[in-house]
Colleague: 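Next up is a structure, given as structure tokens.
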Amino acid sequence: MPTLASALLQGLKDHGAREIFGIPGDFVLPLYKVIEESNILPHYELSHEPGVGFAADAAARYHAGLGVAVVTYGAGAFNTVNAIAGAYAERSPVVLIAGAPGARERSSGFMLHHQARTVDTQFAVLKEVTCDQAVLNDAATAPAEIARVLRSARERSLPVYIEFPRDMVAAPCEEVPVLPRTEADPDALAECADEIVARLKTAKSAAIIVDIEIRRYGVEEQVAQLARKLGLPVVTTFMGRGLMENAPDVVAGTYLSAAGDESINRLVEDADALLLLGVILSDTNFALSQRVLDPRHTMLAIDREVRIGHHVYHEMPLEALIGALIARAGTGRTRKALARGAMRYPRDLKADDTAIMPSDIAAAINDLFDKHGPMPMTADIGDCLFTAMEIENTALAAPGYYAGMGFGVPAGIGVAAATGRRPLILVGDGAFQMTGWELGNCQRYGLDPIVVLFNNCSWEMLRAFQPESAFNNLSDWHFADIAKSIGGHGERVATRRQLVEALDAAVKRRGKFSLVEVMLPRGVTSDTLARFVSGFKAAREKKA
Ligand SMILES: Cc1ncc(Cc2csc(CCOP(=O)(O)OP(=O)(O)O)c2C)c(N)n1
Ligand SMILES: [Mg+2]
């Protein structure tokens, strides 16, 4: 009979987990021993728990499966709260497993180390940023509890929390079952799909907008198939940038409203039927829109619900809905596929001795991908994320909605570990100061990401909104000089020629991370961020 620890690890693997990220502590040492000795899942240790959470989140996004983070009680678990909150906001199915005191310790009468207000404060805090939870304090019920929580993570595509008291690790217990999926009611599904297809077919101008859930449920190819059958263009949201990278024939571009391409804005804002698949109706996705989305023309499928006009279909899994739509799409008049939007991506950067502007970085990366092939990307918050909008539609994991800094580098490590591919990481100097040092862990795992660090010695995104504040001025940390001492290669570049050469050399350099520190002038932003800021200010004046 397995132990509770080995049953949990096998259960994670059976539910789609492929690796574990973590930092041990005395409340998880027994569990961590089983993780290491059982080899059921590979494990990667990082240096600070926010990075553990970001890496597990990015792995979940790229797997379209479960990410797993294992941390110690209290100090470790509370350190993950922001990363798990970001995973919740952006619907990433991370399984957070935290150690906890055993039964005897709980009743010892002592305040325990790492304990906050009460022994259960950890559970109370993490309950707020997860969709389901279990405390494994009874070996008889634990397998069913774990199965329920892991199914919730998969079906809701949201983080879950498992608390593992350290005296339960070796408890004999049954294997963790994989519960049957919660299916849609077939009549409701048929009625919903009929209604959507009828609306799309009778509309004068229709489009499909996609966001992160189509990646989380692994249905990007099906969405492309649906768009082709219906002859409709697909537009991604800001948050959904990089989705359907393999379907350039149907993806017209990214809807950035006032900050974006006018031909894309017309597709969305002039439509009398919009099918939103997996779209988060957030300020970062729609706040700058010239028009509020009209519910009479909008059909929104997210979080297992479909909202059409003012009525809602419940328990409607996205993959089942898209299958039902595809089955109906080909029967009626199909619209000629709309030519792709006029999205122009900067290319052919002149490798001369002029200073580098943020949008030059996008051109240099587009040229690099044309020459060496695309790389999976992660980006942090800051102008690097807006610059990423100017890079040809490539797989991208970034906190585009939650907008928390520190994600970029640990997420890149998570992608490298999860996919075995080499990521390109975009990060600003402010965000690098937070979690960029996790690069020091690449050497122990032989990972060799390429990091493009936007060094404007500034919190430039804040300055763009509040230019009068001197607190946005950061000092120059000379990051490239530090790269070697933490196991990588660093190069500082200040001209476009140096940038092109450094990127080329980085692609050829394997076995260690390459940090390309790009010096940028303060007060200058990418074209996209400049448009976003002016659009934001215009929208704010309009509302004032
Ligand atoms: C965890 C957290 N704390 C503060 C903030 C608030 C913020 C949003 S953008 C920004 C400046 C980013 O500076 P960086 O140098 O990385 O990039 P750039 O603007 O291109 O110069 C801050 C401080 C957020 N979003 N998350
Ligand atoms: Mg900066």
Side-chain angles (χ1 to χ4, degrees), residues 48-55 57-58 78-90 129 238-239 259 282-284 287 355-362 365 377-391 396 398-412 425-439 451-480 482 492-494 515-533 536:
H48 193 202
E49 286 87 357
V52 168
F54 292 136
D57 177 349
F78 291 129
N79 256 348
T80 65
V81 173
N82 178 52
I84 301 300
Y88 195 101
E90 302 194 351
V129 289
F238 178 60
M239 175 67 219
S282 67
D283 55 357
T284 47
I356 303 166
M357 293 295 137
S359 292
D360 291 336
I361 299 174
I365 291 172
M377 289 200 302
T378 63
D380 218 300
I381 262 301
D383 196 20
C384 63
L385 180 53
F386 292 87
T387 304
M389 300 298 114
E390 299 169 20
I391 296 171
L396 170 69
Y401 159 42
Y402 184 66
M405 284 163 73
F407 180 87
V409 167
I425 300 169
L426 306 179
V427 61
D429 55 316
F432 192 93
Q433 290 176 10
M434 291 187 177
T435 59
W437 313 109
E438 294 288 359
L439 286 174
V451 183
V452 177
L453 198 162
F454 292 49
N455 191 359
N456 46 22
C457 301
S458 162
W459 284 331
E460 198 53 43
M461 204 171 138
L462 297 188
R463 185 195 309 281
F465 288 98
Q466 193 166 299
E468 68 276 19
S469 299
F471 55 64
N472 290 317
N473 299 340
L474 304 182
S475 47
D476 183 351
W477 284 30
H478 293 273
F479 299 97
I482 306 165
R492 171 174 276 212
V493 297
L515 176 68
V516 180
E517 180 184 17
V518 183
M519 300 315 290
L520 296 163
R522 264 186 194 152
V524 170
T525 69
S526 65
D527 304 339
T528 304
L529 179 55
R531 287 197 303 270
F532 196 87
V533 170
F536 182 85

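What's counted below: heavy atoms across the whole structure, side chains too, no hydrogens, waters or symmetry copies. These numbers were taken from a predicted model, which means no experiment stands behind them. In this chain, residues are counted from 1 in sequence order. Counting starts at 1 for both ligands and their atoms, following the listed order.
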Colleague: Rounded to the nearest 0.5 Å, what separation is found between the CE atom of M461 and the CG atom of N456?
Modeller: 12.0 Å
Colleague: What residue and heavy atom of the protein are closest to atom 16 (O) of ligand 1, and at what distance?
Modeller: A431 N, 2.8 Å
Colleague: For a side chain to side chain contact (heavy atoms under 4.5 Å, CB included) check, start with the C-alpha distance between M357 and V524, then their side-chain angles and the critical distance, and finish with the verdict.
Modeller: CA-CA 7 Å; M357 293 295 137; V524 170; 3.4 Å; yes
Colleague: Rounded to the nearest 0.5 Å, what separation is found between the CD atom of E460 and the CG atom of D429?
Modeller: 9.5 Å
Colleague: Using a 4.0 Å cut-off to any heavy atom of D383, which atoms of ligand 1 qualify?
Modeller: 18 (P), 19 (O), 20 (O)
Colleague: Would you indicate which of G430, G406, G408, P399 comes nearest to atom 15 (O) of ligand 1 when only heavy atoms are counted?
Modeller: G430
Colleague: Do you know how many protein N, O or S atoms are within a distance smaller than 2.8 Å of the Mg ion (ligand 2)?
Modeller: 3
Colleague: Give, for atom CG of L520 and atom OG1 of T387, the distance between the pair rounded to the nearest 0.5 Å.
Modeller: 8.0 Å
Colleague: Do we see a donor-acceptor contact under 3.5 Å between the side chains of T284 and S282?
Modeller: yes
Colleague: Counting only heavy atoms, tell me which of G382, S458, G428, A464 gets closest to atom 21 (O) of ligand 1.
Modeller: S458
Colleague: So, are R492 and D476 salt-bridged, with charged N and O less than 4.0 Å apart?
Modeller: yes
Colleague: Checking contacts here: is it the side chain or the backbone of L462 that comes within 4.0 Å of ligand 1, counting heavy atoms only? Could be both or neither.
Modeller: side chain
Colleague: Nearest non-hydrogen contact with atom 18 (P) of ligand 1 belongs to which option: R463, Q433, E460, R522?
Modeller: E460
Colleague: With sequence neighbours left out, what residues match W437 under ring pair (Phe, Tyr, Trp, His ring centres under 6.0 Å)?
Modeller: F432
Colleague: How far does OG of S469 sit from CZ of R463, to the nearest 0.5 angstrom?
Modeller: 9.0 Å
Colleague: Just to confirm my output: which protein heavy-atom neighbour is closest to atom 13 (O) of ligand 1, and how far is it?
Modeller: W459 CD1, 3.3 Å
Colleague: Enter the distance from M389:CE to S359:OG here, rounded to the nearest 0.5 Å.
Modeller: 12.0 Å
Colleague: Counting only heavy atoms, which portion of N456 has something under 4.0 Å from ligand 1: side chain, backbone, both, or neither?
Modeller: side chain
Colleague: Would you say the rings of F454 and F386 are close, in the sense that their centroids are separated by under 6.0 Å?
Modeller: no
Colleague: Decide whether an N or O pair under 3.5 Å exists between A403 and ligand 1.
Modeller: yes
Colleague: Rounded to the nearest 0.5 Å, what separation is found between the CG atom of N455 and the CG atom of L515?
Modeller: 9.5 Å
Colleague: If you take the nearest heavy atom of each of M434, M405, M461, which one is closest to atom 22 (C) of ligand 1?
Modeller: M405
